[in-house]
Amino acid sequence: MKGSKDLKNIKIAYIGGGSRGWAWQLMRDLATEKEIAGQVALYDIDFEAAKHNETIGNNLKQREDVVGKWDYKAYETIDGALTGADFVVISIMPGTFDEMASDVHLPEEYGIYQSVGDTAGPGGIVRALRTIPMMFEIAEAIQAYSPNAWVINYTNPMSLCVKALYTKFPEIKAFGCCHEVFGTASFLCEMLKDMEGIDGVKRQDLTYNVIGINHFTFFDKASYNGMDLFPMYDKFVDKYYDTGFFDEASKTNWMNNTFSCAHRVKFDLFKRYGSIAAAGDRHLAEFCYGKEYLKDPETVKAWKFGLTTVDWRKKDLKERLEKSRKYLSGEEQIDVTPSGEEGVLQMKALLGLGNFVTNVNIINRGQVPQLPLGSIVETNAYFSADEVRPVLCSDIPSELLALFSRHIYNHESIMKSALTGDLNHAFRAFLNDPLVTLDAKTAKEMFDRMIHNTKKYLTMYQIG
C-alpha cells in the first residue's frame, strides 16, 4: 500500500459500527495517531446505534488533546461502508443476550457449566451456528465491494469466524485479533517483579512464541532481555500453585469480578504439559475435560476463577448504553489514552509504517505443520507493508497437539453443518466437545432445546 496510498485518506469500514465497546476502543487509538487519517465508515443493523457512534467519533475532532482527526460516518447499507475501504473491522454480536443466556445457562440444567460460553463448549458451538452465516454474508460483501482490503475480526467464536471468511472468499486478506495473550505476557511481568524484584517491565519488553488456537494458546518460549523465563515460571508455579497468584488490584475483588482469576488453571496446565498457557483461566477451562475445572460452581471457586453470567452481561450493556448517552450529551468524554489493543499498529505496519511481530488468528498455510492445512491457528506473525507473514512454529508437544486437534476437527464438523444446512454434523461436534459429559440421548435433548431457543437465526439449517 505504501507509495500508492494517501496516508491521510484511509478508509476503515467498521462492521458492527454501533458497538458500545470495541468501536470506542478504536476511536481512542485513532485519536492518538498522527501518521494516518481518513474516514471510519460505520455499518450496523442497528443504524441508530451507528449514528450515535458517528456523533461520538466526530466530537473527538473538536478536542485539543486529540491529534488524530478522523471523520466518522454511519452508512445504512454495507456496500456503502465497504466501497473503497482499505481496512475492514468486524465486531458483531450474533443474536442477543437472550440467545446467549440459552447458550450459557441451559446446559446448567444438565450439570454442564461454562465460564464464558462463546468459543468452545455447547454454548460456543450453538453460537457458531448463528455466527457463521453472518460471516458468510460479510465475506461475500467484502469480495464484492472491497476485495483488496485487509480484514480484522474481533468477533467470537474467533477461529470459526475467520474460517468462515476464508471459506466463502478464499482470497480474502483476513486475520483475527484477541488480547488474551497480552494478559499472560503482562502476568509474566508480574512474575518478574515477584520472583526477582524486577519492576516496571512491560509486556512489549518480552519475547515469546505463541502456539495454539484462539483462547487455548500457549507459549513454548518466553524471555526477557535474553533471560529464559521458563525456569523462573517453574518455580513461580510451585510457589503459588495451591494459593494462586493475584496482583494488588485483584487481591480484594476477584470473587466479585467476573474476569479475575488466580491463574491456578494456568499453573495446572503448565505442570501437565510444560508450556505456559496464554489465555485467561475462564477460557482455558472450557477446552479441557468438563469435570476437571468446571464440574460445578464449587469446583470453579476452588480453582479461583469465575463463571461469567449473561445477567452480568445484560447489566454491563445497560451501563454501556448509559455511557453512550453521556458521550452523546457531552456529560462525559472518551478517554483518549491508548487502549492496549494493536489494531491500529497492525494497520500502520500494513501501510508500510513500521514492521512488528504480534499474535494473530489466521489460516494455516503450513506455519503449524502438525495441524491440518486450512485450519485456523493462533501464532506469531510478522507485519510489514501489505503483508502478514506467519512465523513457522517448532514442534508442538504431542499432548497439546491432541487437545488442539480435537477442537480443530470439531470446527470442521461445524463448518460442514453451515455449508450443507445439516445439523447432524454440528451435533457430532457437540458430542465430541470435552464439556459435553452426557450420554448421546441426553446430549441430543439438550442440543435440540438449545437449537430451538435460537432457531430464528438458523434459517439456513434443516431444523425438524
Side-chain angles (χ1 to χ4, degrees), residues 14-27 42 44-53 56 90-110 112-131 134 154-158 161 178-180 215 250 253-261 280-283 285-286 294 296-297 300-301 305-329 331-332 334 339 435 446 449-458:
Y14 196 118
I15 309 303
S19 159
R20 279 90 174 191
W22 286 110
W24 297 344
Q25 301 273 51
L26 179 64
M27 289 177 188
L42 305 167
D44 201 294
I45 58 173
D46 183 347
F47 182 63
E48 183 181 12
K51 287 293 289 184
H52 288 173
N53 276 348
I56 292 168
I90 307 172
S91 173
I92 63 172
M93 173 68 180
T96 71
F97 284 142
D98 289 335
E99 284 76 34
M100 192 172 187
S102 173
D103 296 347
V104 176
H105 298 303
L106 189 152
E108 293 172 2
E109 297 178 27
Y110 296 82
I112 294 174
Y113 292 87
Q114 299 167 100
S115 36
V116 187
D118 71 354
T119 300
I125 291 170
V126 174
R127 180 188 177 99
L129 293 173
R130 289 196 303 273
T131 314
M134 300 177 190
Y154 288 102
T155 305
N156 288 326
M158 175 65 72
C161 286
C178 177
H179 58 212
E180 290 290 316
H215 290 157
S250 63
N253 71 357
W254 79 269
M255 292 183 69
N256 299 314
N257 186 329
T258 191
F259 296 106
S260 287
C261 70
D281 282 13
R282 50 198 273 280
H283 278 300
E286 292 191 327
L294 287 164
D296 50 40
V300 172
K301 186 176 180 180
F305 65 100
L307 300 173
T308 305
T309 68
V310 177
D311 281 346
W312 180 90
R313 293 183 186 275
K314 289 180 177 181
K315 178 177 177 291
D316 179 65
L317 177 59
K318 288 181 180 179
E319 293 173 356
R320 287 186 282 116
L321 288 170
E322 176 62 13
K323 180 79 72 175
S324 179
R325 185 194 66 77
K326 289 181 178 180
Y327 286 157
L328 281 168
S329 69
E331 291 177 54
E332 288 189 21
I334 287 183
S339 71
L435 293 190
M446 184 175 76
R449 288 181 63 195
M450 295 177 73
I451 293 297
H452 175 78
N453 289 343
T454 196
K455 66 180 181 180
K456 69 179 180 180
Y457 292 97
L458 305 179

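Throughout, numbering of the chain's residues begins at 1 and tracks the sequence. Remember, predicted model here, so these are calculated numbers, not experimental data.
- Listed by chain and number, the residues in a ring-ring contact (aromatic ring centres under 6.0 Å, His included) with His52 amount to none (sequence neighbours excluded).
- Rounded to the nearest 0.5 Å, atoms OH (Tyr457) and CG (Leu129) are 14.5 Å apart.
- With sequence neighbours excluded, the residues that form a side-chain contact (heavy atoms from CB on, under 4.5 Å) with Lys455 are His452, Ile463.
- Taking each heavy atom of Ile92 and Ile15 in turn, the nearest pair found is CG2-O, 3.7 Å.
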ask   = Are Arg449 and Tyr110 close enough, and set up right, to give a side-chain hydrogen bond (donor to acceptor under 3.5 Å, both in side chains), and what steps lead you there?
value = CA-CA 12 Å; Arg449 288 181 63 195; Tyr110 296 82; 3.1 Å; yes
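- No side-chain heavy atom of Pro107 sits less than 4.5 Å from a side-chain heavy atom of Tyr113.
- The closest side-chain heavy-atom distance from Ser115 to Val300 is not below 4.5 Å.
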Item to complete: Determine, step by step, whether Asp311 and Lys315 satisfy the salt bridge (Lys or Arg N to Asp or Glu O under 4.0 Å) criterion, reporting the C-alpha distance in whole Å, the side-chain angles of both residues, the deciding distance to 0.1 Å, and the verdict.
Response: CA-CA 6 Å; Asp311 281 346; Lys315 178 177 177 291; over 6 Å; no
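- At distances below 3.5 Å, not a single donor-acceptor pair connects side-chain atoms of Arg127 with backbone N or O atoms of Pro94.
- Distance OG/Ser91 to CG/Leu26: 10.0 Å, rounded to 0.5 Å.
- In summary, the side chains of Thr96 and Glu99 do present a donor paired with an acceptor at a separation below 3.5 Å, with no hydrogens or angles considered.
- Side-chain contact between Tyr154 and Ile90: absent, with no pair of heavy atoms (C-beta onward) separated by less than 4.5 Å.
- To the nearest 0.5 Å, the span separating CG on Leu307 from CD on Gln114 amounts to 9.5 Å.
- Side chain of Asp46 to backbone of Ala49: a donor-acceptor contact under 3.5 angstrom is found.
- The pair Glu331-Lys326 fails the salt-bridge criterion, with no side-chain N (NZ, NE, NH1 or NH2) lying under 4.0 Å from an Asp/Glu carboxylate O.
- You'll find the side chain of Asn53 reaches within 4.5 Å of the side chain of Trp24, heavy atoms only.
- Atom-to-atom distance recorded for Leu317:CG and Ser324:OG is 10.5 Å, nearest 0.5 angstrom.
- Residues Cys161 and Thr131 have side chains in contact (heavy-atom distance under 4.5 Å, counting atoms from C-beta outward).
- Scored by the side-chain hydrogen bond (donor to acceptor under 3.5 Å, both in side chains) test, Arg313 finds no partners at all (sequence neighbours excluded).
- Every side-chain hydrogen bond (donor to acceptor under 3.5 Å, both in side chains) that Gln25 has, sequence neighbours left out, goes to Arg28.
- A distance-only check finds a donor-acceptor pair linking the side chain of His105 to the backbone of Val310 [under 3.5 Å].
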Side-chain donor-acceptor contacts of residues 16-23 below 3.5 Å, not counting sequence neighbours, with atom names and distances?
unit_1, atom_1, unit_2, atom_2, d
Ser19, OG, Gly21, N, 3.0
Ser19, OG, Trp22, N, 3.1
Ser19, OG, Ala23, N, 3.2

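- Distance check, rounded to the nearest 0.5 Å: CG of Leu328 to NZ of Lys323 gives 13.0 Å.
- Counting heavy atoms from C-beta outward, Glu322 and Glu319 have side chains that stay 4.5 Å or more apart.
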What verdict does the side-chain contact (heavy atoms from CB on, under 4.5 Å) test give for Met100 and Asp118, after you've listed the backbone C-alpha separation in whole Å, the side-chain angles of each residue and the deciding distance to 0.1 Å?
CA-CA 8 Å; Met100 192 172 187; Asp118 71 354; 4.1 Å; yes
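- Using a 4.5 Å heavy-atom threshold, the side chains of Thr155 and Met134 count as separate.
- Of the possible polar contacts, one joining the Glu286 side chain to the Gly117 backbone as a donor-acceptor pair under 3.5 Å is found.
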Kindly indicate, with the supporting measurements, whether the criterion salt bridge (Lys or Arg N to Asp or Glu O under 4.0 Å) is fulfilled by Lys301 and Asp296.
CA-CA 9 Å; Lys301 186 176 180 180; Asp296 50 40; over 6 Å; no
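- Atoms CE and CG, on Met450 and Leu106 in that order, are 6.0 Å from each other to the nearest 0.5 Å.
- With sequence neighbours left out, Thr454 forms a side-chain hydrogen bond (donor to acceptor under 3.5 Å, both in side chains) with Arg130.
- Within 6.0 Å of atom CD1 in Ile45, 12 or fewer heavy atoms from other residues, nucleotides or ligands are found, so the atom counts as exposed in its surroundings.
- One finds no salt bridge joining Lys51 and Glu48 here, because no Lys/Arg side-chain nitrogen approaches an Asp/Glu carboxylate oxygen to under 4.0 Å.
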